[in-house]
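In what follows, chains carry the letters A, B, and so on, assigned in the order in which the sequence lines appear, proteins first and then strands, with residues in each chain numbered from 1. Computed over heavy atoms, backbone and side chain alike; hydrogens, waters and symmetry mates excluded.
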Protein chains: 2
Amino acid sequence: MLNPLLKLTKRTEYGLIALLHLVDREGEIVSVREVGDRYPVPRRLLAETLKDLGRAGIVESQRGAGGGYWLARPAEAITLGEIVAALEGAPSLTSCQDLGAARTDGECDVQEVCPIRSPLTRLRQGIWALLEGTTLRSLANTSLHPTALFSSAQAVVAPLGPAGQGEDPAA
Amino acid sequence: MLNPLLKLTKRTEYGLIALLHLVDREGEIVSVREVGDRYPVPRRLLAETLKDLGRAGIVESQRGAGGGYWLARPAEAITLGEIVAALEGAPSLTSCQDLGAARTDGECDVQEVCPIRSPLTRLRQGIWALLEGTTLRSLANTSLHPTALFSSAQAVVAPLGPAGQGEDPAA
DNA sequence: GGGATTGAGCACCAATTGGGTGCTATTTGG
DNA sequence: CCAAATAGCACCCAATTGGTGCTCAATCCC
């Protein structure tokens with residue numbers, strides 16, 4: 001059994017495949033059929049996924065014969081984080097906190113004494129920053145390198161403490 | 001429904017809680033009962049989790065009355081990645097590749113035409129590097145800062161392309 | 001030595017989640 | 001009017017995860 005920590009759901013996988021295809025056909029209208037013919041993916045799920053992306057404003061669509069999907073924005077203005085959020089919802093690393101949302105019902109069952117909440121929250125933000133710093137364009141163009149990726153992630157996690165101080169990285 | 005992308009299983013959550021408690025009591029023997037009394041967590045699952053951590057060589061244990069668990073190594077020599085790997089298995093970002101393992105059966109159903117495999121693999125490695133760069137000590141001591149975290153992650157993802165070249169990080 | 005305490009090892013059940021499909025309505029082009 | 005194609009549900013099935021029962025083995029204390 002392999003770790004789901006970094007797992008993407010099939011929906012997101014299929015969504016990425018579709019989106020990358022849309023990047024390839026930027027400026028044109030692409031039907032679900034076309035994408036489904038190209039990749040051995042359940043056509044129906046692909047359709048569901050594109051509907052979700054449409055509702056999220058990442059793609060636009062036109063119904064009827066000759067209809068299909070296209071990117072709502074240029075590929076460099078669409079981030080991986082946005083895509084994942086659209087297809088899987090907002091991120092949460094531990095189950096005991098959703099940044100104030102849905103606090104009405106169950107609440108964190110580890111409550112006040114939960115010692116992992118704070119540090120993991122920061123880590124989650126760092127990871128999320130990585131996703132936000134990766135654009136659909138950079139995914140499409142493998143030769144491009146997500147350099148800005150780290151500067152943004154660093155900006156999020158760095159405030160943890162003063163840089164290059166006591167801790168020994170060589171340990 | 002919130003995104004499982006960064007989700008940790010309850011096992012890992014409980015494991016982290018237990019480990020942080022062990023850090024707090026470094027040098028002493030801590031029983032499952034003690035941890036279970038401190039945090040509102042299913043004592044039994046906590047026990048299962050500690051067993052797993054023991055099998056992974058992260059903690060050591062002693063049976064019998066007065067027995068319990070303690071860290072097998074200093075907290076700065078235990079990484080979050082290691083913990084997660086022990087409790088959830090090795091990481092995989094997309095389902096279509098597990099680094100060569102389990103290639104006998106299903107194989108990647110998107111096969112050769114899978115366009116997301118390469119870029120996401122690299123992203124996964126970057127995220128994993130973040131986890132590997134975070135020590136249990138840094139989690140325990142919130143004031144400590146995971147600075148080395150980014151240098152290691154950068155080392156993994158940077159090879160994507162020549163460093164500090166064409167791309168504009170300020171974009 | 002005997003009993004209480006505590007971890008080890010399995011097997012197993014129950015609840016949630018995710019993958020996937022059926023069906024119908026609506027829009028659009030020919 | 002018919003065919004193509006998206007929109008919107010509702011639903012089922014398989015897989016994973018959360019959680020528990022039971023038994024055995026080691027250790028301490030009396």
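- The CD1-C1' distance, from Ile29(A) to dT6(D), rounds to 12 Å in whole Å.
- A donor and an acceptor atom, one from each side chain of Thr135(B) and Glu76(B), are nowhere located under 3.5 Å apart.
- Between Tyr14(A) and dG19(C) there is no side-chain N or O to OP1 or OP2 distance below 4.0 Å.
- Taking the side chain of Ser31(A) as heavy atoms from C-beta on, and the options dT28(C), dG19(D), dT6(D), the nearest nucleotide is dT6(D).
- For Thr9(A), no side-chain nitrogen or oxygen approaches OP1 or OP2 of dT17(C) to under 4.0 Å.
- Atom C1' of nucleotide dA7(D) and atom CG of Leu46(A) are separated by 15 Å, given to the nearest angstrom.
- Taking every side-chain heavy atom of Arg63(B) into account, dA8(C) is the closest of dA25(C), dA8(C), dC28(D).
- Comparing dC9(D), dG18(D), dG19(C) by their nearest atom to the side chain of Glu48(A) picks out dC9(D).
- Within the 4.0 Å cut-off from OP1 or OP2 of dT6(C), at least one side-chain nitrogen or oxygen of Arg33(B) is found.
- Across the protein-nucleic acid pair, Arg11(B) atom CZ and dA15(C) atom C1' stand 15 Å apart, rounded to whole Å.
- Listed by chain and residue number, Val32(B) satisfy the side-chain contact (heavy atoms from CB on, under 4.5 Å) test with Ala47(B) (two or more places apart in sequence, or in another chain).
- At the phosphate of dA7(D), OP1 or OP2 sits under 4.0 Å from a side-chain N or O atom of Ser61(A).
- A donor-acceptor pair is defined here as one N or O able to donate and one able to accept, closer than 3.5 Å; no such pair exists between the side chain of Glu88(A) and the backbone of Thr12(A).
- Taking the side chain of Tyr69(A) as heavy atoms from C-beta on, and the options dG9(C), dG29(C), dA7(D), the nearest nucleotide is dA7(D).
- The distance between atom NZ of Lys10(A) and atom P of dA15(D), rounded to the nearest whole Å, is 13 Å.
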Evaluate salt bridge (Lys or Arg N to Asp or Glu O under 4.0 Å) for Arg137(A) paired with Glu26(A), printing each intermediate quantity in order.
CA-CA 11 Å; Arg137(A) 176 77 66 201; Glu26(A) 220 164 358; 3.3 Å; yes

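- Between the CG atom of Leu45(A) and the C1' atom of dT21(C) there is a distance of 9 Å, given to the nearest Å.
- Residue Lys51(B) places a side-chain atom within donor-acceptor reach of the base of dG9(C), judged by atom type and a 3.5 Å distance cut-off alone.
- For Arg43(B) and dG7(C), the CZ to P distance is 11 Å, given to the nearest whole Å.
- Note that CG of Leu20(A) and CG of Leu136(A) are 5.5 Å apart. Values are rounded to the nearest 0.5 Å.
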